[in-house]
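To start, the structure under review is shown below, and the notes come after it.
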There are 2 protein chains.
Amino acid sequence: MLESCQFMKQDAKGKEMTESVRARLSDSLVTATNAEKAIANYMLANLNGLPFETSATLAAKVGVSEPTVGRFCRSLGYARFKDLKADLRDNIGDRPWLVGDRLKEFRERNLEGDMLARSLDLEIAALVRIYEIAHTKEWKRAVKRLATMPKVFAAGFQTERGMAQYFANQLQYLRPDVSLADVAGGNFHEILMAPPKSACLVLFEARRYSQLALSLAREARKAKIPITLITDAFCDWGHDLADEMFVVPTEFDMFWESTAQMASLGNLLLNSIFNELGVSVEKRMNNVSELHGRFTGYVGE
Amino acid sequence: MLESCQFMKQDAKGKEMTESVRARLSDSLVTATNAEKAIANYMLANLNGLPFETSATLAAKVGVSEPTVGRFCRSLGYARFKDLKADLRDNIGDRPWLVGDRLKEFRERNLEGDMLARSLDLEIAALVRIYEIAHTKEWKRAVKRLATMPKVFAAGFQTERGMAQYFANQLQYLRPDVSLADVAGGNFHEILMAPPKSACLVLFEARRYSQLALSLAREARKAKIPITLITDAFCDWGHDLADEMFVVPTEFDMFWESTAQMASLGNLLLNSIFNELGVSVEKRMNNVSELHGRFTGYVGE
DNA sequence: GCTATAATGTTAGAAAGCTGTCAATTTATG
DNA sequence: CATAAATTGACAGCTTTCTAACATTATAGC
């Protein structure tokens, strides 16, 4: 699990560790030799195809020898071509965007093998993917259901329990009749015995620590309760049982692997539900707040 | 250049030779065995990441043996995993793998008035700022304390209650003696009466809906309990009472304003604590998990 | 509960990919 | 045009990736 050590890229000269593949290639064009220029140009023109290449295929296409490709990669600061590919995978790159300067600055400030800088890249990459999910029709369907269904249950076990709890808690501010499905009773009758077409379920699941989610999903399916599953890439039963399955990116840099991404996705889901419900929510929130104040003796500002 | 020969796929049964990778994988789910389903699901969830994988890495991630991956690819009509990748290239080969490009695409939608696109930019900006916070010495001090103090309490009220709950829940996996401070008892004696120098408090607070946090902070201060405060820019008492104050960026695009950012910051804090504690945590997690299994009748994989 | 069959893992060896050494070629410089 | 330096390719050996044969485990039928 925790063996990864990709933060110390082997760069003899200790130069820019944080530049993107694209930037390195562009930079190299200035000083590169003929063969190297050919390789760099090909790579730049085919960045999207690179992951499919290997030193050999690339050498053949560009018309240079295999070792030259390897050497060129070294001159860019990678140990081998494979490492260049790996970097391609999640590096956000150096394109100018809203926060570009700030991000660049942050990266520059942390030159030598900063775990956080790398981690930040991964998180941004994950965020982009999560937002892409929010554009699918499954997403819209789930949002609509979660906004309109009379009852909503959220469930998650072990490491995902906190997530489910959080989600249920926040959703309660947006709409009534939300609860956390609890294993406390030993069964899940409150969900499974709900009247037909009255309830739906949001299930948080991640591999490794619990299979309760699977059996709950099975039973819910039997009871014809729609399931929105938020999981990682290792779930092998989601396609069969869930109505929508949102797969969060799984990274191996953070201890919590996908939990952070689940939180982001959960928040985005809540936000979408809010948009679906419209401003009436604001009123509800004030009511809830007022109630809270009445019982604790405190009021909002 | 013209060497590709993907039209004569070796398919014993002579079935559909033209289907896309995705379609084949989906089809296979119907008849697949357990191991195969696991592979197919992982592939479907990670189509974008596949080009970077190799049989071995894939097998490791999915939890099957290398030959099983190869055999599965054959059952789909490819000679080997590499051929499946090659096919992928033709089908979605010109889709951007680079997260940066996808982000660019997303941002272009921003100009067309896509709310999500704007929101993504704000979230990325916020994320960068949160990572900046993680570089301060206050952060390190808080992390150290949260890793070593005998008891840790987390608290949050109203909209931040879920956050505190989540944080406490996750932290329990990392270390013992973590609890959520609850308003249920009407006072907070479990925190405030803790022996000197034995407890610390993580407080989530955001403007508007509760002032309980303020009075709890006051009392904790009196009792000499160190406070780590996570809040938004509107908190005007944090500097007086808290030992560390982490201010998450507040945006006005999302309904939840700063809650999403709090979740990110909380996750980052958990991750830092994990790093501080070291790998011993892994053991603890397995123990907790095993206990869970003993009581629910389920075990991890 | 036993046997036959299918599914999956293990091991070992073949194939492909990568790098180091050294020789051939090109380029730079006088 | 000659020579030195840099660049590049060819080949060999090492590593990784993949496959084929066999062993083991799970599943289904009786």
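- Distances shorter than 4.0 Å separate none of the side-chain N or O atoms of B:Ser65 from OP1 or OP2 on C:dT10.
- For the ring pair (Phe, Tyr, Trp, His ring centres under 6.0 Å) test, residues two or more places apart in sequence or in another chain that qualify with A:Phe167 are A:Phe204.
- When the C1' atom of C:dA6 is taken as reference, atom CZ of B:Phe72 falls 17 Å away, rounded to whole Å.
- Under the side chain to side chain donor-acceptor pair (under 3.5 Å) criterion, B:Asn169 pairs with A:Gln165, sequence neighbours left out.
- Terminal axes of the helix from C:dG1-D:dC30 to C:dG30-D:dC1 (five pairs each, C1' rotation axis) are separated by 40°, to the nearest 10°.
- Every side chain to side chain donor-acceptor pair (under 3.5 Å) that A:Thr57 has, sequence neighbours left out, goes to A:Glu53.
- Using a distance-only test at 3.5 Å, with no hydrogens or angles considered, a donor-acceptor pair links the side chain of A:Asn46 to the main chain of A:Tyr42.
- Per the geometry, CD belonging to B:Glu36 stands 14 Å off P belonging to C:dA6, to the nearest Å.
- B:Ala60 is linked by a side-chain contact (heavy atoms from CB on, under 4.5 Å) to nothing, counting only residues two or more places apart in sequence or in another chain.
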Listed pairs under 3.5 Å, donor-acceptor, residues 235-242 of chain A side chains, sequence neighbours left out:
from     : atom 1 : to      : atom 2 : distance (Å)
A:His239 : NE2    : B:Asn41 : OD1    : 3.3

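- With sequence neighbours left out, A:Lys82 forms a side-chain contact (heavy atoms from CB on, under 4.5 Å) with A:Arg80, A:Lys85.
- Under the 6.0 Å distance and 45° angle rule, A:Arg74 does not count as a cation-pi partner of A:Phe81.
- Remark: P of D:dA26 and NZ of B:Lys37 are 18 Å apart, rounded to the nearest angstrom.
- Nucleotide C:dT8 holds its C1' atom 10 Å from the CD1 atom of B:Ile39, rounded to whole Å.
- Residues forming a side chain to side chain donor-acceptor pair (under 3.5 Å) with A:Arg221 (at least two apart in sequence, or on another chain): none.
- With sequence neighbours excluded, the residues that form a side-chain contact (heavy atoms from CB on, under 4.5 Å) with B:Thr68 are B:Ala35, B:Ile39, B:Val64, B:Ser65, B:Arg71.
- Within 4.0 Å of A:Val64, counting heavy atoms only, lie sugar-phosphate atoms of the nucleic acid but no base atom.
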Per-nucleotide protein contact string for nucleotides 11-25 of chain D, where B marks a base within reach and S marks sugar-phosphate only (heavy atoms under 4.0 Å, - for neither): -----SSBBB-----
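- Here A:Phe153 pairs with nothing under the ring pair (Phe, Tyr, Trp, His ring centres under 6.0 Å) rule; sequence neighbours left out.
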Heteroatom pairs (N/O) under 3.5 angstrom, protein to nucleotides 5-7 of chain D:
none

